[in-house]
Amino acid sequence: MAIEVRIPTILRTYTNGEKAVNAEGATLSALIADLEANHPGIGDRLLDDGDLRRFVNVYVNDEDVRFIGGLEAALNDGDQVVVLPAVAGG
Amino acid sequence: MLTIDQATYDAIVAHAKRDHPDEACGIVAGPEGSDRPVRHVEMVNAAGSPTFYEFDSTELLALYKQMWDNDEEPVVVYHSHTATEAYPSRTDIGLASEPNAHYVLVSTRDCFTADGNNDGPVEFRSYRIIDGEVTEEEVTVTPTETRHPA
């Protein structure tokens with residue numbers, strides 16, 4: 001099972017500069033664990049205290065995961081996951 | 001140094017004035033690696049706030065997909081401060097996530113006069129924000145190229 005994950009510029013230090021990597025997992029939570037296993041450090045940039053970070057957006061097939069179950073969002077072979085930091089400030 | 005053409009500069013300032021007293025935000029995309037801001041995209045401030053801005057998450061994805069398709073990147077990421085100076089706030093620094101971008105801050109705090117005019121001075125400043133470190137840079141505004149018929 002392969003899911004393509006689009007990595008934003010700021011996190012490419014964890015993926016040897018790769019813009020996209022393949023990962024596995026039946027849920028977003030499992031996918032992030034798999035990403036962390038292959039790209040140590042990246043998990044901490046996505047999660048804070050076991051939750052998705054407030055200013056990190058993750059999309060599954062163009063849906064913001066916050067609307068489809070968050071970390072429990074179900075994933076299937078061939079899904080497209082995009083990680084994008086929020087563009088925000090004060 | 002940020003080099004930006006007059007028309008784009010004016011459009012960013014106009015956007016900031018229009019959304020005052022809420023913060024305005026947007027980007028100027030350009031060809032990847034070119035450092036040339038050419039395509040201005042106004043974004044909705046989903047926070048709709050005088051002290052905070054955030055691109056709507058659905059619009060953010062649409063914007064990035066468009067840029068990927070065009071081989072573009074965000075050359076300028078801008079937002080306005082409506083009551084404080086055009087300097088990145090602690091939140092701005094903490095959330096800055098485009099190490100290649102020029103972060104432009106526009107302050108509209110002095111541009112609205114008591115008699116209802118909005119032609120007071122606007123601050124327009126640019127910064128690099130990398131790993132929490134802010135470096136101000138010079139802004140050069142160039143005349144807008146007009147396309148002449150061949």
Side-chain angles (χ1 to χ4, degrees), chain A residues 3-22 28 31-32 35 39 41-49 51-71 73 75 78-90, chain B residues 22-27 29 32-33 41 43-47 49-65 67-68 71 73-74 76-84 87-101 103-105 127 129-132 134:
Chain A
I3 292 165
E4 192 195 54
V5 184
R6 179 99 197 185
I7 305 294
T9 310
I10 191 126
L11 297 184
R12 290 182 196 154
T13 47
Y14 299 99
T15 59
N16 287 322
E18 293 294 328
K19 288 182 176 182
V21 297
N22 283 322
L28 179 60
L31 183 88
I32 291 174
L35 280 175
H39 311 283
I42 200 166
D44 191 46
R45 302 293 298 273
L46 305 176
L47 301 176
D48 179 29
D49 231 358
D51 269 326
L52 203 55
R53 285 186 179 272
R54 161 71 178 87
F55 293 108
V56 173
N57 296 313
V58 179
Y59 308 86
V60 176
N61 303 332
D62 297 351
E63 291 269 8
D64 186 330
V65 295
R66 290 192 176 85
F67 305 123
I68 54 169
L71 287 175
L75 298 177
D79 280 352
Q80 288 251 340
V81 173
V82 173
V83 178
L84 274 183
V87 179
Chain B
D22 285 344
E23 293 194 5
C25 56
I27 68 147
E32 231 172 38
V41 185
M43 298 295 284
V44 170
N45 177 2
S49 157
T51 55
F52 196 74
Y53 80 97
E54 182 169 10
F55 290 9
D56 172 77
S57 80
T58 304
E59 288 186 9
L60 175 74
L61 178 65
L63 171 70
Y64 271 75
K65 287 177 73 166
M67 289 194 288
W68 295 331
D71 293 317
E73 63 186 350
V76 168
V77 177
Y78 72 88
H79 75 283
S80 62
H81 282 175
T82 57
T84 56
Y87 191 87
S89 66
R90 224 182 307 170
T91 321
D92 293 333
I93 299 165
L95 294 178
S97 56
E98 288 292 355
N100 301 325
Y103 280 89
V104 164
L105 273 286
Y127 307 85
I129 308 178
I130 299 167
D131 290 334
V134 177

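So that the names make sense, note that chain A is the first sequence line, chain B the second, and so on, each numbered from 1. All of these numbers come straight from a predicted model, not from anything done at the bench. The basis for the numbers below is simple: all heavy atoms, side chains too, and nothing from hydrogens, waters or symmetry mates.
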Report every donor-acceptor pair between chain A and chain B with a separation under 3.5 Å, backbone and side chains included.
from	atom 1	to	atom 2	distance (Å)
A:K19	NZ	B:E32	OE2	3.4
A:R54	NH1	B:E54	OE1	3.4
A:R54	NH1	B:E54	OE2	3.1
A:R54	NH2	B:E54	OE1	2.8
A:Y59	OH	B:S57	O	2.5
A:D62	OD1	B:K65	NZ	2.7
A:D62	OD2	B:K65	NZ	2.7
A:D64	OD2	B:S57	OG	2.7
A:V87	O	B:F55	N	2.9
A:A88	O	B:Y53	OH	3.4
A:G89	N	B:Y53	O	3.0
A:G89	O	B:Y53	N	2.9
A:G90	N	B:D92	OD1	2.7
A:G90	O	B:H79	NE2	3.0
A:G90	O	B:H81	NE2	2.9

(message) Is B:A96 close to chain A through its backbone or its side chain, or both, or neither, when contacts mean heavy atoms under 4.5 Å?
(response) backbone

(message) Under 4.5 Å from any heavy atom of chain B, what part of A:V82 do you find: side chain, backbone, both or neither?
(response) side chain

